[in-house]
Amino acid sequence: MDWKEHITVNPDILVGKPIIKGTRVSVELLLDRFADGWSCDDILQAYPHITREQVQAAVTFASELFKEDRFVAIGKASSRGRCGSTRAD
């Protein structure tokens, strides 16, 4: 799956968040729906103008972000403490 065929970034659309080409549906929104327990079929029903392949491209794009040498959320995750606690140990 070549996510580049389906995902784009445009600073004028959703402040530059990665989106499904030709839509205002962000990769972030799709990942949030999955995190909320939605299935791919639920997403396709709610957003009938996108395809299963586009949803898969969004997941592939997000997966590749985690393979980067330095992941942007390292500071955010490490500042939480153990098990999500905000208390400094």
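Numbers here simply count residues along the sequence, with the first being 1.
- A donor-acceptor pair under 3.5 Å is formed between the side chain of T60 and the backbone N or O of Q56.
- For the atom pair CD1 of I43 and CG of L30, the computed distance is 5.5 Å after rounding to the nearest 0.5 Å.
- Using a distance-only test at 3.5 Å, with no hydrogens or angles considered, no donor-acceptor pair links the side chain of D36 to the main chain of W38.
- Under the side chain to side chain donor-acceptor pair (under 3.5 Å) criterion, Q45 pairs with no residue at all, not counting sequence neighbours.
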Pair R24-I19, side-chain contact (heavy atoms from CB on, under 4.5 Å): steps then yes or no = CA-CA 6 Å; R24 295 181 66 82; I19 59 169; 5.9 Å; no
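- In the hydrophobic clustering of this structure, V55 does not group with L14; members are Ile, Leu, Val, Met, Phe, Trp, Tyr whose side-chain heavy atoms approach within less than 4.5 Å, directly or through other members.
- Using modelled atom types, no side-chain atom of D32 and backbone atom of L29 make a donor-acceptor pair closer than 3.5 Å.
- The residue from R52, Q54, E53 that alone fulfils the side-chain contact (heavy atoms from CB on, under 4.5 Å) condition with I50 is Q54.
- The environment of NZ in K21 is crowded: more than 12 heavy-atom neighbours from other residues, nucleotides or ligands sit within 6.0 Å.
- In this structure, the separation between CD1 on I7 and CD1 on I20 is 3.5 Å, given to the nearest 0.5 Å.
- V59 and V9 end up in different hydrophobic clusters when Ile, Leu, Val, Met, Phe, Trp and Tyr side chains are linked at under 4.5 Å.
- V25 places a side-chain heavy atom less than 4.5 Å from the side chain of H49.
- The ring pair (Phe, Tyr, Trp, His ring centres under 6.0 Å) test applied to F61 returns W3, not counting sequence neighbours.
- For the residue pair A58 and V27, the shortest heavy atom distance occurs at O-CG1, 3.7 Å.
- One finds the NE2 atom of H6 at 7.5 Å from the CG atom of D2 (value rounded to the nearest 0.5 Å).
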